Every structure is written in C-alpha cells, then in structure tokens.
*Asks:* 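Before I ask anything, let me first share the structure, which is written out below as structure tokens.
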Amino acid sequence: MHNRRDFIKKTGLAGLALAAGPQGLFSQQSQARSPSQKPNIIFIMADDLGYGNLGSYGQTFFQTPHLDQMAKEGMRFTSCYAGSTVCAPSRCCLMTGMHTGHARIRGNKRHPLLPEDRTVAEYLKDLGYATGIIGKWGLAEPETTGVPNRKGFDFWYGYLNQHRAHNYYPDYLWRNEEREYFQTWTYSHDAFTKEALDFVSQNKDNPFFLYLAYTIPHAFNEGREQGMQIPSDKPYSDQQWPQQDKNFAAMVHRMDADIGHLLTLLKRLGLDENTLVFFTSDNGPHREGGHNPDTFDDNGPLRGIKRELYEGGIRVPMIARWPGTIPTGTVNKQPWAFWDVLPTAVDIAGGEPPAAVDGLSMKNTLLGQPQQSHEYFYWEFHERGFHQAVRMGNWKAVVGNDKPLELYNLKDDEGEANNVADQHPGVVAAIFKILASARTDSPHYPVEQ
C-alpha cells in the first residue's frame, strides 16, 4: 500500500475523468413523467463538511457555485441539525428516524442495524420506489442484518463501514453484497458520481430514492499516515495555503462540480420538476489529516467542531431544491434534524409517516406552509465520556463529564459564548427533566456512573 500511495502522489491520477461533466453521455432528453406520479427523492450528504463551507453559508476562500445555485433555486435552512457529531450515529438517525437517545447506533462502534430497525428505504420501497445507496454506509459489517440490501435498498455501491471509507483509493468497494476490486487506481468519489449518474438514468421512468453519501471532505487515515486525499489540488494550486488546506478546498470544489453534473442530468432527462434534492453534511467540520478548520472558518459563526455538541459540531448546511414546488431563493429558520428525514420522505411519497419514530414530517416547511415544531431536540455522545445536549425553543444546553450544565440563548448568542445557566434556573430545571426522560439505556453504549 505504501508504494501504491507514492504512485498516486507522483502521478496525480484521477481515476475516473468526470471533469467534462455528463455531456455526451446522455444525448437525448427523456419524456418527463406525469406530474401525478410520485416525486423522486435524492439525498446527498457530505462527510465532515462544516456549516460555513459553502458560499451560500458565508464561505469566501473557495467556491461552491453549483450548491450556491441550488440554494438560489430552492430553500436554504439555517437551523438544521445532524443526528450526531460523528459519522455512524448521525447516519443511523437519518435512516431510522430516531435520535441518539433511542437509536440503535450511538457511536462509531461496529454494531449493525437489526431487522427491527426499519429504514427510510424500506418505507419508500413499500411505496413503489426504486431505492439505491451510493457512498458510505457505516451501519453494518459484511453478512450482517445491517447490510444495505437487507435494509430496503435495491442497489448498493460503496464503503460498508466508516473505517475503510477513510481511504479514497481503496482496493475494492462493495457492489451489493459482493466485493468489486479495482483493476486501475480509482478515486472513490469519482466512482460514486459515475454510479449516481447511472442510477438516475436507469431509473428515470419510475419513482426512485437515491441516497448519495459522499466521503468528501473527510480526512484520509490509514495507520499513521493522514492527509486530505485528492488527485489534484486544482484550482487552488497557487494559493498560499498549507498543502492539506489546499487539498481540502479542492475536494469540496470537486464535489460541488459533480453535484452540478447530477442536477444537469435531471434537467436533461426531464426529471427536474419531479425530483426533490437535499444536500447536507453528516456532522460539523474536522481538525484531522493536517486540515485546520480555522483556515477557512469551517464552522462559520458557530462554536465547536466534530466530536463536540456545541452548534458547530451538530448544526449543518441543508439545502432543498424542488423546482415548481419549493419556493425559490428562500431562507428558512425552522429547526429540524436528521430524524425528521424519514417521516418527511414518507409523507412526500404519499405514505403515512410512522408514529413510532422521534421525527416529524417537514413537508409543510418545504412547501412554505405552517409547520408543527418539536418540543425539543436531544443528542447524546459517548466518546471521551458521556455528553448530552438539548435544544428547546431558542434555549440550547450542553452538559457532560460531571461538569455543570451550560445554557445558551441561541436567539441572541448563536456562537454559544455566554453561559446564562445561573440566570435561568427554571429553564435549567426543565432541561434536566428532558435529559433524564429523552433516552433509553443501550447495552452497547452504557452511561458511566
């Protein structure tokens, strides 16, 4: 593997060449489906992208033109929350509609989903959708009950667990339940984009759900070697930034361009107005692989990064685009979280959102209509001790490791700089009741006494 990485570094080999976009791959526009048919749903998720890493959220150092255009054509949310502050539990919340006080997976341990953990793909499959996941799963090991093909996905291509996903030039990726080995050096992100374009093209005549879970801009990590892995640091090669920060910017730029290719394909196939596209990140920005989140102000106005329950660790960019249905160019302050995605998707697909989940359907919010809100949001995190967080209205509380509870008023203090717990004992008492009642014990994630 050491010689292989040296070869990659020397050659800058890109694997699959998609820089020219999908033009020429699809020469004819398909007939648009009837508006009465169920809408397609595409959920695109970056890995460790911060709240401030898109131009539409204030990024000025590097460009994300396609995602910024997506925000102009759709709805940009300012208070959307990930399921957790690290990978696996955040994805579990997304797939199952449960927050981390009830979710099967509450940390980055390798526990698979079980048959009773019903996923959004299973619900949508029952409603007549073709279902596919491309990218990073993180919720199963081989031949366990949590493999995507056993959790409602007709098609699966990518990394099964999050640990192997830290290498962008893998020996193999999973295609359904078989390992598919590469014969040439291949940058996995490029392979994901090609498979996503193919999936959309192949399923254009029927409603489909595509979960496109990119690994950009997660750091490369294999043994003692770390870095931001990219075939080329263009178009930022001449910038006077540390090399790993240039690589980080180039990774986000590459992802942005490929999302542009996907949106272009939807238009070419006549699917644009019948497809709801989401874009988000699985948690806050990282300080890994030599990347400094302060270089580009990755978390914007927020405090904290990945592995913290302050806003910067869990509040994420969220853009939703559905031409002709979602009001264009809107900025929405409605708080919601990953566990709301399952009931929202089921509702949009014409089904009845399940009652036995923690999430609420955000369909009305997407349509610009009055929306039911959560009484509170709850998170827990099991690395480096036991940590909990609650958002109740504009109040945000963080507590852990026997330290006093911290309380912030997000309306006036978005950056969580002023702890006002001593000034609001009634709010603190109400939040302590939530901290005690919002969770159930898990044998895999015990709370140390």
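None of the values given here were measured: they were computed from a predicted structure. Positions are given from 1 along the sequence.
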*Asks:* Can I get a per-line list of side-chain donor-acceptor pairs under 3.5 Å for residues 342-350, giving both atom names and the distance, sequence neighbours left out?
*Replies:*
from	atom 1	to	atom 2	distance (Å)
T344	OG1	D340	O	2.6
T344	OG1	M362	N	2.8
D347	OD2	S361	OG	2.7

*Asks:* Walk me through whether Y129 and Y123 qualify under side chain to side chain contact (heavy atoms under 4.5 Å, CB included).
*Replies:* CA-CA 9 Å; Y129 277 68; Y123 282 101; over 6 Å; no

*Asks:* Spell out, as yes or no, whether a donor-acceptor pair under 3.5 Å connects the side chain of N247 to the backbone of D233.
*Replies:*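 No.
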
*Asks:* Please confirm whether the backbone N or O of F296 pairs with a side-chain atom of Q59, one donor and one acceptor, at under 3.5 Å?
*Replies:*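 Confirmed, Q59 side chain pairs with F296 backbone.
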
*Asks:* Will you find, in the side chains of R391 and Y378, an N or O donor that is under 3.5 Å from an N or O acceptor?
*Replies:*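 No - no donor-acceptor pair under 3.5 Å links their side chains.
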
*Asks:* CD of E73 to CG of D68: how many Å apart, nearest 0.5 Å?
*Replies:*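 Reported to 0.5 Å precision, the distance equals 11.0 Å.
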
*Asks:* Counting C-beta onward and ignoring hydrogens, is there a side-chain heavy-atom pair between I314 and N283 closer than 4.5 Å?
*Replies:*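 They are not in side-chain contact.
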
*Asks:* Does the side chain of Y169 come under 3.5 Å of the side chain of S188 through a donor N or O and an acceptor N or O?
*Replies:*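 There is no such pair (donor and acceptor under 3.5 Å, judged by atom type) between the side chains of Y169 and S188.
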
*Asks:* Any side-chain to backbone donor/acceptor pair from T85 onto E308? Under 3.5 Å, distance only.
*Replies:*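 Pair found, side chain donor or acceptor close to backbone of E308.
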
*Asks:* Once you round to the nearest 0.5 Å, how far does CZ of F192 lie from CG of L197?
*Replies:*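 Between F192 CZ and L197 CG, I get 13.5 Å after rounding to 0.5 Å.
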
*Asks:* Quick check: are there more than 12 heavy atoms from other residues, nucleotides or ligands sitting under 6.0 Å from CD of E143?
*Replies:*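 Not buried by this count: 12 neighbours or fewer within 6.0 Å.
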
*Asks:* So does K267 pair up with D272, basic N to acidic O under 4.0 Å?
*Replies:*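 A salt bridge is absent here (no side-chain N lies under 4.0 Å from a carboxylate O).
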
*Asks:* Rounded to the nearest 0.5 Å, how far apart are CG of D205 and CD of Q37?
*Replies:*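 With rounding to 0.5 Å, CG (D205) is 9.0 Å from CD (Q37).
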
*Asks:* What I want to check is whether the side chains of Y214 and T193 have a donor and an acceptor closer together than 3.5 Å.
*Replies:*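 Yes, because at least one side-chain N or O of Y214 sits under 3.5 Å from a partner of the opposite role on T193.
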
*Asks:* Looking only at side chains, do Y187 and Q229 share a donor and an acceptor under 3.5 Å apart?
*Replies:*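 No - no donor-acceptor pair under 3.5 Å links their side chains.
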
*Asks:* Kindly check if the number of other-residue, nucleotide or ligand heavy atoms within 6.0 Å of NZ (K109) is above 12?
*Replies:*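 Counting other residues, nucleotides and ligands, NZ of K109 exceeds 12 neighbours.
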
*Asks:* Between K38 (side chain only) and P207 (backbone N and O only), is there a donor and an acceptor less than 3.5 Å apart?
*Replies:*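 No: the side chain of K38 does not pair with the backbone of P207.
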
*Asks:* Validate the cation-pi geometry between R303 and Y310: distance from NZ or CZ to the six-membered ring centre under 6.0 Å, angle to the ring axis within 45°.
*Replies:*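 Flagged: R303 positioned over aromatic ring of Y310.
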
*Asks:* Any donor-acceptor pair under 3.5 Å linking the side chain of T131 with the backbone of D154?
*Replies:*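 Yes.
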
*Asks:* Looking at L49, is its backbone amide N or carbonyl O close enough to the side chain of S281 to form a donor-acceptor pair, meaning the two atoms are under 3.5 Å apart?
*Replies:*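 Side chain of S281 to backbone of L49, a donor-acceptor pair under 3.5 Å: yes, one is there.
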
*Asks:* Over 60° means perpendicular and under 30° means parallel, so tell me whether F208 and F199 are parallel, tilted or perpendicular.
*Replies:*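 F208 and F199: perpendicular rings.
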
*Asks:* Identify which one of D282, D48, D298 satisfies the salt bridge (Lys or Arg N to Asp or Glu O under 4.0 Å) criterion when paired with K306.
*Replies:*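 Checked D282, D48, D298 against K306; only one passes salt bridge (Lys or Arg N to Asp or Glu O under 4.0 Å): D48.
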
*Asks:* Check residues 325-336 and write down every donor-acceptor pair under 3.5 Å in which the side-chain atom is one partner and the other belongs to a residue at least two apart or another chain.
*Replies:*
from	atom 1	to	atom 2	distance (Å)
T330	OG1	P327	O	3.2
N332	OD1	Q334	N	2.7
Q334	NE2	S373	OG	3.2

*Asks:* What residues, two or more places apart in sequence or in another chain, satisfy side-chain contact (heavy atoms from CB on, under 4.5 Å) together with E116?
*Replies:*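 Result, side-chain contact (heavy atoms from CB on, under 4.5 Å) vs E116: R104, L114.
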
*Asks:* Got a salt bridge between R315 and E416, using NZ or NE/NH1/NH2 to carboxylate O under 4.0 Å?
*Replies:*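 Here R315 does not pair with E416 in a salt bridge, since their nearest N and O are not under 4.0 Å apart.
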
*Asks:* Quick one: pull up CG in N108 and NE2 in H163 and give me the separation to the nearest 0.5 Å.
*Replies:*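 Output value for this atom pair is 6.0 Å.
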
*Asks:* Return the orientation label for the F248 and H286 ring planes: parallel under 30°, perpendicular over 60°, tilted otherwise.
*Replies:*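 Correct class here is perpendicular.
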
*Asks:* Flag the pair R254 and D190 as a salt bridge only when some basic side-chain nitrogen lies within less than 4.0 angstrom of an acidic carboxylate oxygen.
*Replies:*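 Answer for the salt bridge query: yes.
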
*Asks:* Whether the R106 and Y445 side chains hold a donor-acceptor pair (N or O, under 3.5 Å, no angle test) is what I'd like checked.
*Replies:*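 No, no side-chain donor-acceptor contact under 3.5 Å.
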
*Asks:* Working to the nearest 0.5 Å, report the span between CE of M255 and CG of L67.
*Replies:*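 The CG atom of L67 is 6.0 Å from CE of M255, to the nearest 0.5 Å.
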
*Asks:* So, D126 and R118, do they make that salt bridge, N to O below 4.0 Å?
*Replies:*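 Yes, charged N to carboxylate O under 4.0 Å.
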
*Asks:* Please work out whether the ring planes of Y172 and W174 are parallel, tilted or perpendicular, with thresholds of 30° and 60°.
*Replies:*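 It falls in the perpendicular class, over 60°.
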
*Asks:* Does E122 use its side chain to pair, donor to acceptor, with the backbone of T119 at less than 3.5 Å?
*Replies:*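 Yes, E122 side chain to T119 backbone: donor-acceptor pair under 3.5 Å.
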
*Asks:* May I ask you to decide whether D413 forms a salt bridge with K396, counting only side-chain N to carboxylate O separations under 4.0 Å?
*Replies:*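 Answer for the salt bridge query: no.
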
*Asks:* For a quick check under 3.5 Å, do T295 and D245 share a side-chain donor-acceptor pair by atom type?
*Replies:*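 Yes.
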
*Asks:* Compute whether any side-chain donor of one residue and acceptor of the other, for N221 and E288, lie under 3.5 angstrom apart.
*Replies:*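 Short answer, no.
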
